[in-house]
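By convention in this document, chain letters (A, B, ...) are assigned in the order of the sequence lines, proteins followed by strands, and residues within each chain are numbered from 1.
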Amino acid sequence: MDLTENTWLLNAQTRLFELEAHGDGIRAQLMAIENERFEISEQIIFNRNEISRFEYSNTRSKNPADHARNEQGIVNCNARIASLNSRMASANVRYENLKDSSRPFTQLLEGCRKAMNACTPAVI
Amino acid sequence: MELKNIRKNIAKIRGEIEAVKAALPPVAEIEQRVRAWLDDLVTPKQSIVDRLAGCFSRGDNVGFLFELPQRSLINAGIGLALAAIGVDEMVKAAMDKAAQEDNGALRMTAAERDERLTGLLRDLYALEFDEENNLNGEPRRADIYFPAAVLQIPVEIAASAGLLK
């Protein structure tokens, strides 16, 4: 294949690479939000476990000071869980918005890949 | 051409493409299909006449019609009713009613439609090709019809790869 005679092919490949790079950027953003959601869910689980631990401690101890400390711990954990849930909801919205807004681009990219595949054998 | 004008033309051509895709066949073509279908429905009449002849010539059971399977009985009933009305009469009545309802819809033969679509799709490809060259930082439309035009693949190459449809 003489590429000098097929400048359009080089041009098309360059354009496709640019689009792929843009697509990679979107995927990276989606992945970052997915990671964020995973970390939030881990923290929620941790706080739930903490609550269970405080509750268990309450059943084992008759010391009012322990009870007071455990109750305060439960209150703190619940407050953290509420805040984490709010962060999770925000991350979910960002994820869905990005996914929706990038859908036309994703479809275009897919179409470009198919077009490139369809045209390349005609040249080689 | 300016991007704004290119996009205006793209919208116009896409409208034409949708109209051509939705074009109805010519009345004569539909009439031919309708007549063929009605003629098929009337066919049982002859087989009933043939079997009735057997009643006269061989003394066959006159009630044979009710011994037919239900599906054949329904077909025979429709066929006889249609034969009584007459296919011509039925087609004429339908066409008269259609003439009253006619909204001037675009009509084309399959060959005309294919030819027109081919031309319009080529025009659209050329416009999307130009559009890509004239973006100058403007965002791309979300509803690109020909991704190959975004890649600036020449129209002849795209056509030979079967992408212009």
Chemist: Within 45° of the ring axis of A:Tyr95 and under 6.0 Å from its six-membered ring centre, is that where the NZ or CZ of A:Arg37 lies?
Modeler: yes

Chemist: Looking just at side-chain N and O atoms, do A:Glu50 and A:Asn76 make a donor-acceptor pair shorter than 3.5 Å?
Modeler: no

Chemist: Roughly how far, to the nearest 0.5 Å, is the CE atom of B:Met95 from the CG atom of B:Asp102?
Modeler: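 CE of B:Met95 is found 10.5 Å from CG of B:Asp102.
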
Chemist: For the pair B:Glu101 and B:Lys97, find out whether any cationic side-chain nitrogen is under 4.0 Å from an anionic carboxylate oxygen.
Modeler: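 B:Lys97 and B:Glu101: salt-bridged.
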
Chemist: Among B:Leu151, B:Leu163, B:Ile144, who wins on heavy-atom pairs under 4.5 Å with chain A?
Modeler: B:Leu151

Chemist: Please say which of A:Cys77, A:Ser52, A:Ser83 ends up in a side chain to side chain contact (heavy atoms under 4.5 Å, CB included) with A:Asn47.
Modeler: A:Cys77

Chemist: I'd like to know which of A:Thr14, A:Leu108, A:Asn11, A:Leu16 tops the heavy-atom pair count under 4.5 Å against chain B.
Modeler: A:Leu108

Chemist: Counting only heavy atoms closer than 4.5 Å, note whether A:Leu19 contacts chain B via side chain, backbone, both or neither.
Modeler: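 Looking at A:Leu19, just its side chain touches chain B.
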
Chemist: Heavy-atom distance under 4.5 Å to chain A: side chain of B:Ile153, backbone, both or neither?
Modeler: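 When you check distances to chain A, atoms from both the backbone and side chain of B:Ile153 fall under 4.5 Å.
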
Chemist: For residues B:Asp143 and B:Glu128, report the shortest heavy-atom separation together with the two atoms involved.
Modeler: O-OE2, 4.4 Å

Chemist: Does A:Glu110 come within less than 4.0 Å of A:Arg113, counting only side-chain N to carboxylate O?
Modeler: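 Yes.
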
Chemist: Among residues 69-76 of chain B, which ones touch chain A with a heavy-atom distance under 4.5 Å?
Modeler: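 The list, in residue order, is empty: none.
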
Chemist: Of the backbone (N, CA, C, O) and the side chain (C-beta and beyond), which part of B:Arg140 lies under 4.5 Å from a heavy atom of chain A, both, or neither?
Modeler: side chain

Chemist: Which heavy atom of A:Ser61 sits nearest to which heavy atom of A:Asp66, and what is that distance?
Modeler: OG-OD2, 2.9 Å

